[in-house]
Structure formats: structure tokens, C-alpha cells
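Note that the structure is predicted; figures quoted are calculated from it, not measured. In what follows, chains are A, B, ... by sequence order, proteins preceding strands, each numbered from 1.
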Amino acid sequence: MKSKNTAFIYTEDFLQYSFHEQHPFNQLRLLLTKELLESEQALTAEDIVLPKSYSEDLLLTIHAKEYIDIVKRASAEHPVSFESFGIGTTDTPSFPEMYDASFRTVTGSVTAAELVMSTQVNHALNIAGGLHHGFPDRASGFCIFNDIAIAIQYIREHYQAKVLYIDIDAHHGDGVQHCFYDDPNVCTVSIHETGRYLYPGTGKTGERGVKEGFGFAFNFPIDAFTEDDSFLETFSSIEEIAAYFKPDVIVSQHGADAHYLDPLTHLHCSLATFEEVPKRIHKLAHQYCQGKWVALGGGGYDIWRVVPRAWSQLWQIMNNRENFRGEISKKWLHKWQKQAPVPLPTTWEDQLEEYKPIPRHDEIVETNQRMTEQVMKFITNHKNE
Amino acid sequence: MLVKDIMKRDVITITEEDTVATALQLLQKHHIRHIPVIDEKKQVIGIVSDRDVRDASPSILDAERDETILTRSIKEVMTSPVVTTHPLEFFEEVATIFYQKEFACLPVVRNKQLVGMITEKDMLQTFIQLTGTHSPSTQMELKVPDRVGVLADVCQYFKQHHIKIVSVYGYPDPKTAGYKVLVFRIQTINPMPVIRAFEESEFDILYPYLEDQDEI
């Protein structure tokens, strides 16, 4: 293993995690991101690490045997439906190689975790991972196996490190929260659009963990149409949570669906949020964890205009480089514009063409501030004791 | 939903010979506000609330506190007779009793014997469950004309899109007479296809809500 700062976990086989042509979860975004980085000369063959092979027992650390077998059957018997396991639904229909593709995603995230924990690299990124809705016994919200929970469990079992999990996907990180809800060594933090209208509906401020894990789950449900300023203001609280929890490693999920162009959510952030958030996590990783940081992908359904830029910026920042500015590689635009159903952005910054001003801006900012105060009361009270 | 589905079965009880001090202790220890008073046949003969006990307790403002009050019997402070309910009663019936009589709790009695207790808190929890999130789902609201078969018509859309309904409730539209609002929780992270279908239908979709529609 080469000694380097940051690993990019990747194999073209990640793209086989594909439900069908019309499905909104489209891993072509992985290739788009990788090629964008290559076109910008920001990613070389040396940076790329293939996912290692692991025994299937890895899945059993989080998932029920019965469910794993169902996923195997769904792969073999496609098209097929096992509704009580969430397989064969509109969200997670069966597809051939479903099991292999899902398992590969998991090995990618575990590889990232292992490289970081064994200090072979400082940071590792697996943009194929971040499938935070997977539950131990069922698929949900495009997610089959929960690669995040498995990677965190791997860290717990092999390194006994305290894990701070940060989830910026527009949807609540329900599966990961569920898996570590009673665990005081894994602190889950999710910032997401309120579940009032958005899937999965959970992630309320009062969800704080149970038993030993009470006080180690934090949820920041922000209002629909939240913009950069308020998103980042809310995110600042995570710095306080890090100070309170003192993690040994950070695992972060970088869903890019809080962007205003995303078709599935109502948040209204721009690329600026996706430049700033990685910088802050990077800083926390060095401040508390000697740099140990495992970053993963997540949601993101505007795969042409949003995801490749957002995840490329993440990679830049993980590599301690300035984020990209100005024009986007002509080579990349030239190649992909032919296939894209929309005009691709030509600059790294959003030009805000389709940006709708939000008349309720001030009210939303205030609502989010009140919500944040409510969530942070736990730590504020803790300090005053 | 029936009372037996939501009532508490492990009930803390007291007898009429017990003292006010015992009641006070039980209320504090178990974080409850009411204790049914039963006889040797487990029949409910009274109920004692935290307020009954408080009223009987010496005031902290009294210069000389008469602690002997605490040795008085429950019989002297309890409320009797008691309104009770039955395990097979509908829960909304109990809600009506709570609302009309301003009670916060009812003993559940079957064959004259105490079998459970149902409190305002249990009732609220049931409402939260009925309207809330019990499995990952997306909320969607529709304004529909109040006519025969409208629910069936709306549900066809979900069926066609192969989306499971997690929960549903409806109420009369507060703004337009002759219309109802149906609130669904549907099991999908991607409601866009069904939303588009509803947008082309006769039904008004109240999702996603507009940026500035709050005219409270």
C-alpha cells in the first residue's frame, strides 16, 4: 500500500448498483465525478484504491441472516417482490446482481474505514457508499445494505474508536441512527429537511438515543426552502457536538440532495454549502481525530448539474487543496454534454439560473435557529450541571 | 381501536385502609397521578389522585405542620363512586369522557374487576401513532370533493404507482365547504411520479407546500 494522504475508493463495478434506467438513484454520477476530477487533473491512478474483498460475514454485523438471504434470492429470481423486506417496491425494485452490487458498495466503505483506522491514509472517500436508509432487516429509500453502519461497526469491533457520524443528506439518516441508537460510542448527527413532508418522516429534535446511548443522537430538522446561510449556521452546532463527544474518527455522509436543483427535496442550498461543509469537517477531523476521516456519498438526484461538482469539491478539500473555482474542464463538458438531458454547468460556482428567491427566508432562518437551540439545550444543560 | 389495545395492565393499587402517606409514596415512586382503590375482590371502590393527596397533606406554608394528617386513611380522601370503562370500549369514546368530564384517567373494569388503567397520556400517544411516522414514509395531503368513492379514487393512484400506504386520515377542509383533506403517509422516498399524476387530476395536492402560503 502506497503511503498517501487521501484514498479514493473506486471501481467501475460500483456502477452495477443500478435498479433500472428510469430510477432516480443513478450511479452514473460516480463516473461523472471521477472523470470530472481526472479532467481537472485532481485525481490520478495512484489515488484510486479498489475495494478489498471481505467475507460475507461482514454483513451479519448489522443485517439479519434472513434479510441477506432474501437479497440473494432477489438477485437470482429477479423480477421478484419481497415486500415485507422492502425489496421489489418502487423504491428498491429487484435487479440481477443486486446482492453483489450492494455487497461491493459495503466493501468500499469498509475499505475506506480500514485504510483510515490503520493509518495508511489520513482520509478516505467512497462516493459509492452512504446508503443511510438501510435497516437491519429491510431495504428502504433506495438503500439495500447499510454500508455506513457496517463500516462504523467495523471500526468499533476492530479499533474500539469513538465514532462521530455526520450526515448532511437532505433526508434523515434513519438507518444509521437506528443501528447505534443505544450506543454511547457512536454519536450520530443528522441535518436534514424536516420530516413534515419529506421521507422518511423521522429525525425529530426529540430523538436523542436510548439507554446508554441517550444523548448521543442529534437531529437538526431544517425547514423546507432553507438556504446556504441558515444551513451553515445550523451546521456550526456540530462543532460544539464534536467538543462534547471528542471523537476518535469522523464518518461523514455527503448526500448532495439539499441543493436547490435536486428534484426530490425542498431544501434550497447552492454549491457553496457543499464547498463549506467539507472544510469544516476536515478541520474537526484534524482538531479531534488526528485527521481520521471517512467520507461517503449519499443521495443526490441531479446527477448532471449538482453531484459531480459537489463531490469533486469534497475530494479537493480532503486533499488539502483549495476548492475549484471558475470554469469547468471543457474536456469533461464536451464528453458528457451529448448525453446530458440538461445544459451542464460551465462553472464551479452556481450561476443560480433556476434559483427562486424565497420570500419566507427570514422566517425560515428564525425557525431553524429556534430548532437548533432546542437540540443544543442538551449540551448547554450538560455543561451547566 | 379498543381500550384493551392501549391500556396499561400493570396497575398500582391501594386499599381504603392504607394511609395518605402510602399513597403519597406510591405516587412519587411510580411517577403516576392516580391510584385506584380496590377491595379484596379487586373491585374498584374509589380513586385517589395526586390532588386529593395534596389537598390532604400539610401545607409547607403552615408554621406548625400537622403531620398526623398523613396517617389518615385513604377512605377519607378518595373519590367515590368512580367512572370506569370497559376493555372493549372504543378509544375515541374514552377521549370523549376525558374531554367532557375533564378526567385525566379511567380505571378499566371487566366482570367488576380492575384489569387496567387508561390515561390522557395513553390517549395522546395513540393519536400520535395514528397520525405519525411509524415506518419510513413521505407525507402527502390532498384536497378532495366530499363524495362517495373519493377515497377509493385517490387510492387508485397509489396502487398504480405501486406505493404502499402507511397511514391515512381525513378531516373536513376548513376553508371550502364540501371538501375534505386526506392526509397520507406513503412508503416511498420518491413521490414525484405520483405527485405529477395528481397534478393532472381533479384533486388538489397540498404538497409540497408553497414558499409563502401561510396566512394563519
Side-chain angles (χ1 to χ4, degrees), chain A residues 19 22-25 81 83-84 86 88-93 132-135 138-143 169-172 174-175 178 193-204 206-207 223-227 257 262-268 299 301 356-361 363-364 367, chain B residues 121 124-125 127-143 154-169 171 181-199 203-216:
Chain A
F19 295 101
Q22 282 76 43
H23 198 283
F25 189 92
S81 183
E83 262 182 40
S84 57
T89 56
T90 315
D91 285 358
T92 41
H132 61 170
H133 295 307
F135 277 81
R138 66 184 190 280
S140 164
F142 309 156
C143 305
D169 195 283
H171 301 90
H172 175 224
D174 56 350
H178 171 88
E193 180 183 332
T194 150
R196 235 168 276 151
Y197 287 85
L198 198 73
Y199 189 90
T202 48
K204 297 181 176 73
E207 294 169 31
D223 240 12
F225 304 106
T226 292
E227 296 167 277
D257 46 0
D262 194 275
L264 288 197
T265 80
H266 318 107
L267 294 181
H268 228 59
Y301 308 99
K356 286 176 285 197
I358 306 298
R360 280 180 56 221
H361 169 269
E363 192 188 312
I364 290 168
T367 308
Chain B
K121 208 175 155 184
L124 283 172
Q125 203 202 345
F127 276 110
I128 291 168
Q129 278 179 347
L130 281 179
T131 58
T133 323
H134 19 91
S135 77
S137 50
T138 298
Q139 178 159 328
M140 188 181 283
E141 296 176 16
L142 291 154
K143 184 176 156 186
V154 167
C155 289
Q156 280 305 315
Y157 285 77
F158 297 122
K159 190 178 176 186
Q160 277 156 17
H161 286 83
H162 200 66
I163 297 172
K164 205 185 320 192
I165 297 166
V166 174
S167 71
V168 55
Y169 63 93
Y171 57 91
V181 177
L182 297 177
V183 184
F184 289 91
R185 290 210 70 97
I186 55 172
Q187 198 179 294
T188 182
I189 188 174
N190 180 22
M192 293 322 289
V194 75
I195 286 174
R196 265 178 237 124
F198 276 125
E199 278 167 354
F203 309 117
D204 281 342
I205 187 148
L206 306 175
Y207 163 103
Y209 55 95
L210 296 167
E211 291 94 321
D212 49 356
Q213 64 161 200
D214 335 59
E215 63 247 355
I216 299 165

remark   = Closest non-hydrogen contact found for B:Thr138 with A:Tyr199 is OG1-CB, 3.3 Å
ask   = Is there side-chain contact between A:Thr202 and B:Pro136, with at least one heavy-atom pair below 4.5 Å?
value = no
ask   = With sequence neighbours left out, what residues match A:His361 under side-chain contact (heavy atoms from CB on, under 4.5 Å)?
value = A:Glu227, A:Asp229, A:Val365
query = Is the shortest heavy-atom distance from the side chain of B:Met140 to the side chain of A:Tyr197 under 4.5 Å?
reply = no
inquiry  = For a quick test of reading the model, state the closest non-hydrogen atom pair linking A:Gly141 to B:Ile189 and the distance between them.
reply    = CA-CG2, 3.8 Å
query = Do you know which of B:His162, B:His161, B:Gln187, B:Lys164 has the most heavy-atom pairs under 4.5 Å to chain A?
reply = B:His162
message = I need the minimum non-hydrogen distance between A:Asp91 and B:Asn190, along with the two atoms involved.
response = OD1-N, 4.0 Å
request  = Go through the structure and list residues passing side chain to side chain donor-acceptor pair (under 3.5 Å) with B:Arg185, not counting sequence neighbours.
outcome  = B:Ser137, B:Gln139
query = Of the backbone (N, CA, C, O) and the side chain (C-beta and beyond), which part of A:Thr90 lies under 4.5 Å from a heavy atom of chain B, both, or neither?
reply = both
task = Against chain B, label A:Phe25 side chain, backbone, both or neither, depending on which of its atoms sit under 4.5 Å from a heavy atom there.
result = neither
inquiry  = Please classify the contact between A:His172 and chain B as side chain, backbone, both or neither, with a heavy-atom cut-off of under 4.5 Å.
reply    = neither
